[in-house]
Amino acid sequence: MEDIKETGVSGENGIAVIKTRPFDRKDTNLILSYLGFSFFALFLGALAGLMQALDRAGYIQLSPQLYYLFLTLHGVALALIFTTFFIIGFLYSGVIKTLGSEMRPTDRRIGWTAFMMMVAGTITALITVANSSSTVLYTFYAPMQASPWFYIGLALVIAGSWVSAIPIFSGYRRWRKRNPDKASPLFAYMSVATMILWIIATIGVAAEVIFQLIPWSLNWVDKIDVTLSRTLFWYFGHPLVYFWLLPAYIYWYVNIPHIIKGRLFSDSLPRLTFILFIIYSVPVGFHHQLMEPGISPFWKFVQVILTMLVVVPSLMTVFAILATFEIAGRKNGAQGNFQWIKNLPWRDVRFFAPFLAMIMFIPAGAGGIVNASYQLNQLVHNTLWVTGHFHMSLATTVVLTFFAISYWLVPMLTNRVFTPLANRLGIIQSIIWSIGILLMAGTMHIVGLLGSPRRTSYTTYNGHPAALEWFPYMQIIAVGGVLLFIGIILYLAIVVYLLLYAPKTTEPAEYPIGKVHEGAQQPPRILERWSVWITITVALILVSYFIPVMEMLRHSPPGSPPIRSW
Ligand code: HAS
Ligand code: CU
């Protein structure tokens, strides 16, 4: 095994490494705690996922109770816990690097308080899942009712995540005060945008949990307004997907240009994309409720149009990232239209894994547009197509990017060397992951079109002949699921190696922050006037939600008593 040591020298894999001042030990502990807890959640969730894939294909026979318990654990541990902890750890690392060299002690204490709140909340919620009192899946739809402690635990996680935003906001404000005339560092700017989006979004689910679910589960009220609760959930649920996506975009926009020895094509365009995500990602939750009663078609249609607008910043991202790649590839004198592609560092997992993630986002995003197309939604809603869609978007575009981030961030935090061995294993891991996803999520799309339902352990719709067609597809899904499980184990093995066993170094690699292309213009000041963008966002939320929610309250049905289907 060969260590990569020299400044700017390529290792065996062409990995350029430049040295920089290491992280402060106290910051490292905080960031590693967030990442470490996310790895724990990842392991739990992966185990549960394997059980479902094997059960659906008939290789093991779980009782229905256990199937849905694992499905709940899978969704909560991965979609809600793994992502949130990982994202906060990653954002902290980049904010510290770009806004100053370490966190203020007060901010660090706040970061730890947030961490404790979130861990306590997670453990509380997961205990109720494990003891079978909260088998309500990760969307915890009423009228299925969980233990009050499940909701209280989740409320604590949300509150903790709000507290975790304070060090990011305060670091940014202090930097702005010190540098009134400069545009803020892009990483910090994007982290602030991500946390603003998160806070606006989580207000919806916090309202649902605090005002509806907790009183109802404590028997303070005996009925719940189901339509309203789902509306509040999806007010949060859609921007949630961008809370996952934006940190991946941060890596693509800010970190990758450095890794591929290129330049950011623009400093303004990425800021504008993030502003557009804040504005458009919230007022679109109805596209998850297109098939539900109680919301007038007009308001559903308004939100479908807004959904098409939230696609725009992703299309801008395609353009900007491709331009950045081309600038990097052409630096070495590449000729013709496509020769620059060859110059990209294909054997560096820090580039290779997110590249696979980007490629996979093309069909995943196209699938999202199908979902959002009012009429087509009738065909795919509640089928395995949707499960395929979010395994391609969340479990590939986002997660594969997170894998790549941890491959360089973990050794940097532990003052260890990101070795060629880890790089090679990482590339194998990304390939296994992508094949697993293609088999599993690709097949889910097909069998979903054939009508196979999601969130269902087993059904033949009373022996309907169409249902018999699904079974062979389940076998392919199970093979994909097993590959994904192997992928997680390999990923965790690489991470543990980088945490504990890779060779130590006194001068770890530089935190990759890309520089902006010389020709790029200074970002307009208006992009940092957050009050303007938050006001526009709130106005748009009111336009798209106020009247339909008022209608729900006015026609409020008697409500539903709790149902425990397990
Ligand atoms: Fe979605 C359901 C619509 C994006 C996650 N989505 C879900 C659920 C999840 C989820 C978890 O309208 C299930 C929730 C549940 O449990 O019920 N989704 C969209 C739309 C987008 C979208 C319009 N979703 C995501 C992302 C997710 C995610 C991102 C996670 C991270 N989704 C829906 C709808 C539903 C839904 C409905 C409800 C379905 C139902 O009926 O239940 C858009 O944001 C997508 C825009 C993206 C693109 C792709 C751009 C491509 C890029 C890659 C560039 C490549 C490069 C490399 C640079 C248009 C940026 C190029 C190199 C070359 C060589 C070519
Ligand atoms: Cu959505």
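Ligands are counted one by one from 1 in listed order, and the atoms in each one are counted from 1 as well.
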Mark up the atoms of ligand 1 that fall under 4.0 Å of a heavy atom belonging to [X], in ascending order.
X	result
Asn377	39 (C), 40 (C), 41 (O)
His381	40 (C), 41 (O), 42 (O)
Val398	31 (C)

Within the 6.0 Å centroid threshold, strictly below: [X] and [Y]:
X	Y	value
Phe319	Phe265	yes
Phe355	Trp346	yes
Phe236	Phe233	yes
Tyr34	Tyr92	yes
Tyr280	Tyr242	no

Open item on the list: So, regarding Tyr138 and ligand 1 (criterion: nitrogen or oxygen to nitrogen or oxygen, under 3.5 Å), is there a contact or not?
Closed with: yes
- [ ] Indicate yes or no: does an N/O atom of Thr139 lie under 3.5 Å from an N/O atom of ligand 1?
- [x] no
Task: Leu71 side, atom CG; Thr387 side, atom OG1 - distance, nearest 0.5 Å - done: 8.5 Å
TODO: Rounded to the nearest 0.5 Å, what's the gap from CG on Leu245 to CH2 on Trp252? Could you check?
DONE: 6.5 Å
- [ ] With heavy atoms under 4.0 Å as the rule, classify the contact between Phe319 and ligand 1 as side chain, backbone, both or neither.
- [x] neither
Among [options], which one has a heavy atom closest to [atom]?
atom	options	value
atom 45 (C) of ligand 1	Ala366, Ala357, Gly365	Gly365
atom 21 (C) of ligand 1	Phe338, Tyr242, Tyr374	Tyr242
atom 57 (C) of ligand 1	Met392, His287, Met358	Met358

Throw together a table of side-chain donor-acceptor distances under 3.5 angstrom for residues 295-313, partners on residues two or more places apart or in other chains.
| residue | atom | partner | partner atom | Å |
| --- | --- | --- | --- | --- |
| Ser296 | OG | Phe298 | N | 3.4 |
| Lys300 | NZ | Leu290 | O | 2.8 |
| Lys300 | NZ | Glu292 | O | 2.7 |
| Gln303 | OE1 | Gly285 | N | 3.0 |
| Gln303 | OE1 | Phe286 | N | 2.8 |
| Gln303 | NE2 | Ser544 | O | 3.2 |
| Thr307 | OG1 | His287 | ND1 | 2.8 |
| Thr307 | OG1 | Gln303 | O | 2.7 |

- [ ] Using a cut-off of 2.8 Å, count how many protein N, O or S atoms are strictly closer to the Cu ion (ligand 2).
- [x] 3
Task: Side chain Asn255, main chain Pro512, donor-acceptor under 3.5 Å - done: yes
- [ ] Without swapping roles, check the side chain of Ser373 against the backbone of Gln375 for a donor-acceptor pair under 3.5 Å.
- [x] no
- [ ] Under 2.8 Å from atom 1 (Fe) of ligand 1, which protein N, O or S atoms are there? Could you list them by chain and number?
- [x] His389 NE2
Donor-acceptor list for residues 428-440 side chains, cut-off 3.5 Å, not counting sequence neighbours:
| residue | atom | partner | partner atom | Å |
| --- | --- | --- | --- | --- |
| Gln429 | OE1 | Tyr407 | OH | 3.3 |
| Gln429 | NE2 | Gly487 | O | 3.0 |
| Ser430 | OG | Gly426 | O | 2.7 |
| Trp433 | NE1 | Ala395 | O | 2.8 |
| Ser434 | OG | Ser430 | O | 2.8 |

Open item on the list: Over 60° means perpendicular and under 30° means parallel, so tell me whether His238 and His288 are parallel, tilted or perpendicular.
Closed with: tilted
Open item on the list: Below 30° counts as parallel, above 60° as perpendicular, anything between as tilted: where do the rings of His74 and His391 land?
Closed with: parallel
